[in-house]
Amino acid sequence: MRSTQQRGAGAHRGATLLESMATMAVLLVGILAVSLTVLAAARQNRRNLIQAQATLIAEQELERIIGIGCAGPLGQPCSNIQALDNLPRPPVFWAADGELSTTQNANPGRSNRLRFDVAVDVDPGAGGGFEGGARGSPAVDRVEGGAQLQQVINVRVVVSWQDSLLAGLAPATRRAVVLQTRMAP
């Protein structure tokens, strides 16, 4: 009878070392999973911020071009806008604090600035051609009411940047935001 009482009392001693180690392993895996999720969310938030900055730069450039308006001599409508086709532009730098600059180190005390490259493509270009034969949908030079449209141009603004959010883990890729509009005199 005594041996039965001793076994019953010993069963309530507490967790064994093996049980404690198994519990710690499960907790460690859970903490690691939560940490990786937070890291992935932070990386995606950063990517969204960069894309929003690029979109804002593209919107500002497109609004600037629209503000110029179509002008030109008779027979060459919108030649002032067509002159912007593939014109070299200085890069734009934007820091996480929201300051836009055309120089990389406008304020050396601030955080590192990301470089955005801006390009403008106008179709038909100054020479009258379409790159790659792309006329858009509906076509810029389509027939409307029995007459061919000749005064409509397609303006496309491309803002691109080097995505290095996975530096060291994956090769850097070039990302871009493209906005476009059509203009007529």
Side-chain angles (χ1 to χ4, degrees), residues 1-67 84 86-123 131-132 134 136-137 154-182:
M1 189 96 170
R2 206 170 180 174
S3 63
T4 307
Q5 288 176 346
Q6 286 177 348
R7 257 193 232 153
H12 297 287
R13 283 191 344 222
T16 65
L17 181 59
L18 186 59
E19 291 169 334
S20 297
M21 288 177 64
T23 302
M24 287 177 26
V26 168
L27 283 174
L28 185 63
V29 167
I31 290 171
L32 181 62
V34 168
S35 298
L36 290 175
T37 302
V38 168
L39 182 63
R43 189 173 289 139
Q44 187 61 40
N45 285 344
R46 179 73 176 143
R47 182 171 284 142
N48 290 342
L49 172 66
I50 292 170
Q51 187 170 353
Q53 288 173 334
T55 301
L56 186 59
I57 292 169
E59 285 175 353
Q60 288 175 347
E61 182 66 14
L62 202 55
E63 286 174 6
R64 185 186 72 80
I65 292 170
I66 291 169
L84 300 174
N86 296 320
L87 193 67
R89 290 183 173 18
V92 176
F93 297 91
W94 199 334
D97 61 9
E99 280 189 47
L100 187 62
S101 174
T102 54
T103 59
Q104 187 165 11
N105 291 322
N107 189 347
R110 299 282 181 151
S111 59
N112 218 2
R113 295 182 176 272
L114 182 63
R115 176 189 170 128
F116 293 96
D117 295 311
V118 180
V120 175
D121 179 40
V122 181
D123 286 327
E131 285 103 22
S137 177
N154 191 47
V155 180
R156 190 170 24 263
V157 176
V158 180
V159 177
S160 63
W161 67 96
Q162 193 73 29
D163 186 3
S164 57
L165 286 177
L166 297 175
L169 301 175
T173 57
R174 194 118 185 112
R175 300 202 182 268
V177 168
V178 180
L179 297 179
Q180 71 179 14
T181 191
R182 292 190 173 175

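The figures that follow rest on heavy atoms only: side chains count, while hydrogens, waters and symmetry mates do not. Every value quoted in this text rests on a predicted model; they were computed, and no experiment measured them.
- To the nearest 0.5 angstrom, L49 atom CG is 4.0 Å from Q53 atom CD.
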Next item on the list: List the steps, then state whether side-chain contact (heavy atoms from CB on, under 4.5 Å) holds for L62 with V155.
Entry: CA-CA 8 Å; L62 202 55; V155 180; 4.1 Å; yes
Checklist line | Audit row: R174, D117, side-chain contact (heavy atoms from CB on, under 4.5 Å) steps and yes/no | finding: CA-CA 11 Å; R174 194 118 185 112; D117 295 311; 2.4 Å; yes
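- Between V157 and V118 the shortest side-chain heavy-atom distance falls below 4.5 Å.
- For the atom pair CZ of R64 and CD of E59, the computed distance is 15.0 Å after rounding to the nearest 0.5 Å.
- Using a distance-only test at 3.5 Å, with no hydrogens or angles considered, no donor-acceptor pair links the side chain of R175 to the main chain of T173.
- When every heavy atom of R182 is checked against every heavy atom of N154, the shortest pair comes out as CG-OD1, 3.5 Å.
- With rounding to the nearest 0.5 angstrom, the OG1 atom of T23 is 12.5 Å from the CG atom of L28.
- In terms of heavy-atom proximity, W161 sits nearest to I50 at NE1-CG2, 3.2 Å.
- Here N48 contributes atom CG and T55 contributes atom OG1; the two are 10.0 Å apart, rounded to the nearest 0.5 Å.
- Of all the heavy atoms in E19 and T16, the pair that sits closest is OE1-N, 2.9 Å.
- Across all non-hydrogen atoms, the minimal contact from L179 to A58 is CD1-CB, 3.6 Å.
- Inter-residue side-chain proximity for I65 and E61 is flagged as met; some heavy-atom pair is nearer than 4.5 Å.
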Checklist line | Check against side-chain contact (heavy atoms from CB on, under 4.5 Å), L84 and R89 | finding: CA-CA 10 Å; L84 300 174; R89 290 183 173 18; 4.0 Å; yes
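- D123 contributes atom CG, which lies 5.0 Å from atom CZ of R156 (distance to the nearest 0.5 angstrom).
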